[in-house]
Amino acid sequence: MTGFWGDGGAYGAWVAHLREWGAGGDPDPAALPVLRSEDWAEDTWRRLAVHLQEAVTARFGHWSTALAAAAADRAGAGPGAFGRTLAHSRTGLRTLRRFTAHPGLPEHVRDELGGLVDEMITRTQQALEETLDSLAASGAPPGTVELTRRELRDNALTAVLAEERAPAPGRPRRGLLRRRPAEPAPPAAPPDPWGAPPPEGPPRRRIIPG
């Protein structure tokens, strides 16, 4: 452990990176040191796991806000505008997924963190579908709702889940995440369904190093 804590060491480097990246910055991930499971005691890994989850959640929140703003800007721009917005937004999701596969993290951390992000993406797609269901039930023009639904499905956010995150094959050696009880249903849809970001809040799973 000598040298790990004198100037923050590997732990300090990762925490500083996560704080900047989670706040929307673009620090160089190649500069991060490689971490091994045996480097630290369980409580140290637990603290780093909190930083990992907070950074990923914050970064996803920035992405969600940007998606909502872009969709609002293109409201009324005609057929295809919303679909193009969704397709463009997948770039940010790919960045998130690549980070979770950083080779400096132990394999089981990469796999479990990647699963957390994939769950957040799936939940956002489902929330958008449910918003359209609410609009249809409220009496919105059926043609408009179905056109928007077609664009949502043709340009699904979940399309990124079929893509490789990074060359980090293998299955997790141990579980890190614990599911929370189901969350309450989201609030009723706003008048403009794309004028607000997808539902926010903590993911259903929490990183708990074993």
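- Not one N or O on the side chain of His102 forms a donor-acceptor pair closer than 3.5 Å with the backbone of Arg110.
- Side chains of Pro106 and Val109 form a contact here, defined as non-hydrogen atoms less than 4.5 Å apart.
- Between the side chain of Ser64 and the main chain of Phe60, no donor-acceptor pair closer than 3.5 Å is present.
- Annotation: the span from Glu146 atom CD to Glu151 atom CD amounts to 12.0 Å, rounded to 0.5 Å.
- Looking only at distances, no side-chain donor or acceptor of Asp39 sits under 3.5 Å from a matching main-chain atom of Leu35.
- In this structure, Leu128 CG and Phe82 CZ are separated by 5.5 Å, a value rounded to the nearest 0.5 Å.
- One finds the OG1 atom of Thr158 at 11.0 Å from the CZ atom of Arg153 (value rounded to the nearest 0.5 Å).
- No donor-acceptor pair under 3.5 Å is formed between the side chain of Trp21 and the backbone N or O of Asp26.
- For the pair Arg149 and Asp133, the salt-bridge criterion is met [side-chain N within less than 4.0 Å of a carboxylate O].
- Summarising the geometry of His17 relative to Pro27, their closest heavy-atom pair is CE1-CG, 3.4 Å, with the distance given to 0.1 Å.
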Verdict with supporting geometry, Gln125 and Leu152, side-chain contact (heavy atoms from CB on, under 4.5 Å): CA-CA 8 Å; Gln125 179 74 22; Leu152 174 60; 3.6 Å; yes
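- The distance from atom CG of Leu135 to atom OG1 of Thr148, rounded to the nearest 0.5 Å, is 8.0 Å.
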Should Arg165 and Asp111 be marked as a salt bridge (charged side-chain N to carboxylate O under 4.0 Å, His left out) after you check the CA-CA gap, both sets of side-chain angles, and the distance that decides it? CA-CA 10 Å; Arg165 292 185 295 139; Asp111 288 342; 3.4 Å; yes
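- Here the side chain of His51 pairs no donor or acceptor atom with the backbone of Leu18 at under 3.5 angstrom.
- At a threshold of 4.5 Å between side-chain heavy atoms, the hydrophobic network of Ile, Leu, Val, Met, Phe, Trp and Tyr places Met120 and Leu161 in one connected group.
- The pair Arg97-Glu164 does not count as a salt bridge, with every side-chain nitrogen at least 4.0 angstrom from each carboxylate oxygen.
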Please determine whether salt bridge (charged side-chain N to carboxylate O under 4.0 Å, His left out) holds for the pair Glu42 and Arg46, giving the CA-CA distance in whole Å, both sets of side-chain angles, and the decisive distance to 0.1 Å. CA-CA 6 Å; Glu42 181 178 343; Arg46 191 179 298 274; 2.8 Å; yes
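- Nearest heavy atom pair, residue Leu32 against residue Ala13, reads CD2-O, 3.7 Å.
- Across Thr85 and Ala70, no two heavy atoms sit closer than the pair CG2-CB, 3.8 Å.
- Salt-bridge check for Glu54 with Arg19: failed, with every basic side-chain N at 4.0 Å or more from each acidic carboxylate O.
- Summarising the geometry, atom OG1 belonging to Thr122 is positioned 6.5 Å from atom CD belonging to Gln126; distances are rounded to the nearest 0.5 Å.
- Proximity of a side-chain donor or acceptor of Trp14 to a complementary backbone N or O of Pro33 within less than 3.5 Å is detected.
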Verdict with supporting geometry, Trp63 and Ile121, side-chain contact (heavy atoms from CB on, under 4.5 Å): CA-CA 11 Å; Trp63 169 86; Ile121 294 170; over 6 Å; no
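- The closest donor-acceptor contact from the side chain of Ser89 to the backbone of Leu86 lies under 3.5 Å.
- No side-chain heavy atom of Glu112 sits less than 4.5 Å from a side-chain heavy atom of Thr100.
- Thr44 places no side-chain N or O within 3.5 Å of a backbone atom of Trp40 that could act as its donor or acceptor partner.
- Scored by the side chain to side chain contact (heavy atoms under 4.5 Å, CB included) test, Arg94 finds Arg90, Thr91, Arg98, Val160, Glu163 as partners (sequence neighbours excluded).
- His62 contributes atom NE2, which lies 10.5 Å from atom CG of Leu96 (distance to the nearest 0.5 angstrom).
- At distances below 3.5 Å, not a single donor-acceptor pair connects side-chain atoms of Glu20 with backbone N or O atoms of Gly25.
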